[in-house]
Amino acid sequence: MTLAHRIHWHVLLLFLASLRGQCRYIQVRDATEDALVVLNTDFKRELSQEQIYRRSLRCIDMLSINGQFTFKSEQPQLHCALFLIGDPEEFITIEYNFVNIDCLGGDILKVFDGWIIKGEKFPSSLDHPLSTSERYTDICEDGNMQSITRSSQNVAMIFFRVHKPGHGFTLTIRKTPNLFPCNVISQAPSGKFTMIIPHQHRNCSFSIIYPVVMKISDLTLGHFNELQLKKPPPKGCGGAGDFVELLGGTGLDPSNMFPLADLCHSFHGSAQMKIGCDNSVLRMVSSGQFINRVTFEYTQLDRQLERQQGNSVEGVCSPID
């Protein structure tokens, strides 16, 4: 793994912690060391079906590898969260092997289907079939300490509060294939992806927690080539039931982001846009009448270089000027 990938992973950890106001819980040295283990593809290949990776959890932590993980409190831990992320084509399965918490004493152990930080949700409420309350699985309320939960996309989150020293839990994380990935948070600032929505009435968002250069090379919407920048008053794609939009913002929730461009006509070629926001999203809206498909590449945008060159992007939430 390159030094750049290590830095990007650590930046992601700091970004998430800063949104929660919990930077003080992150140990820089430990987070970087975990990144080496989590993202090392050679290490992942070496783990056979019979081998199980094990380690302890911190109060604020992130995982992207299969294994068995244990949290044991040494002191009261009242505001803890575990961020889970997989590859775009993966679901996340969470199995509780052992739970020793005091639900009546105020301890909590909840799974959220997606990520939620200060009210900002991914996927947004517009892109997820369940209401916000239905996306929580509460171990204390359900009373099933051996329950298994599966996410609807490549990210999930566990909130927990443990008052008594020595109390905690053990869980097993597994990834399972997702044939038609819909909502995705990218682990990397660059990559290539094809999103397909086959005759389904749903919305899908692909989120990159970086400013990026987005290049769309192929778009098939099933009904009727142009990239239409939104200017006041925005023309948009009108009443089209199938379209792709590019969004930018500083938070996590696509529904709170700035609309930057619409694409509502199929094309084969190249459309490129610089998104200078901290978070960049490509979102596809599908009526369910067609097989919709979009292929795109993204690379991290050097905002400092853009400033030096005097470039800017119209209406971007975090202008490059």
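Along the sequence shown, residues carry numbers from 1. Below, each value reflects all heavy atoms present in this structure, side chains not excepted, and no hydrogens, waters or symmetry copies.
Here disulfide bond (SG atoms under 2.5 Å apart) pairs that include residues 171-218, with residues two or more places apart or in two chains, are Cys182-Cys204.
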When you look at Val281 and Leu246, which way does the side-chain contact (heavy atoms from CB on, under 4.5 Å) test go after all the steps?
CA-CA 6 Å; Val281 168; Leu246 301 180; over 6 Å; no
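In this view, Phe180 satisfies the ring pair (Phe, Tyr, Trp, His ring centres under 6.0 Å) rule with no residue, not counting sequence neighbours.
At least one donor-acceptor pair under 3.5 Å links the side chain of Asn183 to the backbone N or O of Asp127. A donor-acceptor contact shorter than 3.5 Å is absent between the side chain of Ser186 and the backbone of Ile208. One N or O on the side chain of Asn203 and one on the backbone of Leu126 form a donor-acceptor pair closer than 3.5 Å.
Looking at Asp242 and Ser287, their side chains do bring a donor and an acceptor atom within 3.5 Å of each other. A donor atom on one side chain and an acceptor atom on the other are not found under 3.5 Å apart for Thr299 and Ser190. A donor and an acceptor atom, one from each side chain of Asp113 and Ser151, are nowhere located under 3.5 Å apart.
Inter-residue side-chain proximity for Ile92 and Arg150 is flagged as unmet; no heavy-atom pair is nearer than 4.5 Å.
Using a 30° and 60° split on the angle between ring planes, Phe206 and Phe193 fall in the tilted class, from 30° to 60°. Taking the six-membered ring where tryptophan is involved, the planes of Phe112 and Tyr136 are tilted, since the angle between them lies from 30° to 60°.
Between Asp302 and Lys274 no salt bridge is recorded (no basic side-chain N to carboxylate O distance below 4.0 Å).
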